[in-house]
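Here's the structure we're looking at; comments come further down.
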Amino acid sequence: MTDSTQTAPGGAVTRTTRDLSRAAMSGWLGTAMEFMDFQLYSLAAAIVFNKIFFPNVSPAIGLIAAMATYGVGYVARLAGAVYFGRMGDRIGRKKVLFVTIALMGVSTTLIGVLPPYSMIGLAAPILLVALRLVQGFGAGAEIAGATVMLAEYAPVKRRGLIASLVSLGTNSGTLAASGLWAVLLAVLSDEQLLSWGWRLPFLLSFVLLILGVWIRANLKESPVFEERPDVVDGVALSRKEIEESGESTIEAGLKQRKGKSFLLALGLRFGQAGNSGLVQTFLVGYIATELAVSKSVPTAAIVYGSLLGFVTIPVVGLLGDRFGRRPVYLGLSLLTVVIAAPMMVTIAGGGTAALTVAMIVGLNVGVLGLFSLESVTMAELFGSRTRFTQLAVAKEIGGILATAIGPVLAASLTAVTGHWWPIAAMLVAYSLITFVSAYLAPETRGRDLVRLEDAA
């Protein structure tokens, strides 16, 4: 690849296409690793952890305990978003992204060498929870940091496409983890799986850790961070230092009243995360239990939909670059509203092929398409001084609220009504939240990301 320079606003900081390629690879790999780690853990929690770490309780209680260790990671994610987000805004994106990928990779690898309950007793599940907390703490800022880094690296006219590569990492990680477990379940006996086979996916993640650490060690800092007027010698000035310096331009950015952009970002995130929880998590169980369809059918549909996402995500990124973020956001969220009921009618009454097509369409329109736009729009909504922090916290709060509440509420409503309509209604409600947020948000395409103030 021929090197050509990319110039940040102000013309002082340049990056080559090789630097951009390295940043893109770093963002994709880190996000893939995050989702692979979490998917590996969630599948292990559902399949084997109850027998390995909680063998002295009933199977039902063991499963609950295993899933609880999965859930604590989400608590740690929010803490990591706040801690590393603030650090990334103060000392730079690169240093934080190096730490987050190391935390995720080391904790995931160490899970693969944990002794079982039969060897060390209660210490085994305690160590498992501790590693899960560390894993979540690092993951809480990973996707936000990768999004910020790619958006700040990308040429203005291709920012949507470049930033969407972060979203591709989610597909890569999920598919890799699911594929590894599928192979293990197919070739190993139950005895082999419980004695040593379950460790292999966690130990193999060490390869990704080494690759990720190497790439990020050689990654240059975000040109936007270096160009920020409040950054001196690689560290952001404190509010007191800025006030003492008398820099009126910087002070104006600091005095802007915060909150509107954060709420808009939260609304954009809420629709995507809520739809994801319903389509990728709840519907799989609902189809198997309530519709008496083999779980392999909706699971295969999610895999096919994820593969199609490798086309959907960059195409939506390109459309955002061509027509703006708001029109595409409004179109996708409104389209999700329109197809929600027909999708559920097809799933509830159609055959295997129709069900598969309906889930693929719902996943790509209401989840992956919105995720592609989210990657760049949320970064553009925030000013450079607090972009990392606000983006990370908005992603985690929106994700926790929508993803945690959605499947539980859907299960309760479908149990009470005995019908599929609550699922369609929730898809409509989530998508309308995103529609309204996009309608109220300013158009951010082409925004100067060096500016300290938020877009709204």
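- Side-chain contact between Arg22 and Ser26 is absent, with no heavy-atom pair separated by less than 4.5 Å.
- With respect to Asp230 and Arg385, a salt bridge is recorded, a charged nitrogen being found less than 4.0 Å from a carboxylate O.
- A side-chain donor-acceptor contact under 3.5 Å links Ser172 and Trp28.
- Closest non-hydrogen pair, Ile162 versus Ala154, comes out as CB-CB, 3.6 Å.
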Worked check of side-chain contact (heavy atoms from CB on, under 4.5 Å) between Leu368 and Gln272: CA-CA 8 Å; Leu368 300 180; Gln272 185 276 329; over 6 Å; no

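- Of all non-hydrogen atoms in Ala273 and Gly399, the two that sit nearest each other are CB-CA, 3.9 Å.
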Check step by step if side-chain contact (heavy atoms from CB on, under 4.5 Å) holds for Trp420 and Leu291. CA-CA 10 Å; Trp420 54 258; Leu291 303 183; over 6 Å; no

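- Between Met378 and Thr147 there is no side-chain heavy-atom pair separated by less than 4.5 Å.
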Run the salt bridge (charged side-chain N to carboxylate O under 4.0 Å, His left out) check on Arg77 and Glu396 step by step: do they pass? CA-CA 7 Å; Arg77 286 180 70 99; Glu396 293 308 317; 2.9 Å; yes

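- Other residues, nucleotides and ligands contribute over 12 non-hydrogen atoms within 6.0 Å of the CZ atom of Phe310.
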What verdict does the salt bridge (charged side-chain N to carboxylate O under 4.0 Å, His left out) test give for Glu142 and Arg216, after you've listed the backbone C-alpha separation in whole Å, the side-chain angles of each residue and the deciding distance to 0.1 Å? CA-CA 12 Å; Glu142 171 59 39; Arg216 290 192 174 174; 2.6 Å; yes

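- When side chains are defined from C-beta on, Leu283 does not count as touching Pro298, because their heavy atoms never get closer than 4.5 Å.
- The two residues Ala358 and Ile347 have their closest heavy-atom pair at CB-CG1, 3.9 Å.
- To the nearest 0.5 Å, atoms CG (Leu29) and CD1 (Ile215) are separated by 5.0 Å.
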Dump the intermediate steps for side chain to side chain donor-acceptor pair (under 3.5 Å) on Asn171 and Ser306, then the final yes or no. CA-CA 6 Å; Asn171 283 18; Ser306 297; 4.7 Å; no

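- Shortest non-hydrogen contact noted between Gly383 and Asp454 is N-OD1, 2.8 Å.
- Residues Leu103 and Gln135 are not in side-chain contact: their nearest non-hydrogen atoms beyond the backbone lie 4.5 Å or more apart.
- For Asp37 and Ser205, the side-chain atoms include no donor-acceptor pair closer than 3.5 Å.
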Can you check salt bridge (charged side-chain N to carboxylate O under 4.0 Å, His left out) on Glu226 and Lys220, steps first, answer last? CA-CA 10 Å; Glu226 293 186 349; Lys220 292 181 181 178; over 6 Å; no

Stepwise, does the side-chain contact (heavy atoms from CB on, under 4.5 Å) test hold for Val376 with Asp321? CA-CA 10 Å; Val376 65; Asp321 285 331; 5.9 Å; no

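- Taking 4.0 Å as the cut-off between side-chain N and carboxylate O, Glu152 and Arg387 count as a salt-bridged pair.
- Classification of Arg326 and Glu443 as a salt-bridged pair fails, no side-chain N sitting under 4.0 Å from a carboxylate O.
- In summary, Glu374 and Lys395 engage in a salt bridge, as defined by a charged side-chain N under 4.0 Å from a carboxylate O.
- Side-chain contact between Leu427 and Met343: present, with at least one pair of heavy atoms (C-beta onward) separated by less than 4.5 Å.
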Chi angles and distances behind the side chain to side chain donor-acceptor pair (under 3.5 Å) call for Ser167, Ser375: CA-CA 7 Å; Ser167 304; Ser375 295; 2.7 Å; yes

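- Once rounded to the nearest 0.5 Å, the distance linking CG of Leu363 with CD of Gln280 reads 5.0 Å.
- For the residue pair Asn364 and Thr312, a side-chain donor N or O sits within less than 3.5 Å of a side-chain acceptor on the partner.
- Contact record, Gly140 with Ala81: O-CB, 3.5 Å, taken as the closest heavy-atom pair.
- Note: Leu219 CG to Phe98 CZ = 11.0 Å, rounded to the nearest 0.5 Å.
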Please assess Val357 against Ile360 for the test side-chain contact (heavy atoms from CB on, under 4.5 Å), listing each intermediate value before the final yes or no. CA-CA 5 Å; Val357 171; Ile360 289 173; 5.6 Å; no

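- Expressed to the nearest 0.5 Å, how far OG1 of Thr100 lies from CZ of Arg93 amounts to 13.0 Å.
- One distance of note links CG of Leu268 with CG of Leu263; it measures 11.0 Å at 0.5 Å rounding.
- Of the N and O atoms on the side chains of Arg325 and Thr377, not one donor lies less than 3.5 Å from an acceptor on the other residue.
- Ring-centre distance between Phe137 and Tyr83: below the 6.0 Å cut-off.
- The closest side-chain heavy-atom distance from Leu334 to Ser431 is not below 4.5 Å.
- The environment of CZ in Arg86 is sparse: at most 12 heavy-atom neighbours from other residues, nucleotides or ligands sit within 6.0 Å.
- Interatomic distance, CG of Asn275 versus CZ of Phe270, reported as 10.5 Å (0.5 Å rounding).
- Closest heavy-atom contact between Ala441 and Leu264: CA-CD1, 3.8 Å.
- Side-chain atoms of Phe84 and Leu97, non-hydrogen and from C-beta on, never get closer than 4.5 Å to each other.
- At a threshold of 4.5 Å between non-hydrogen side-chain atoms, the residues Pro229 and Leu452 count as touching.
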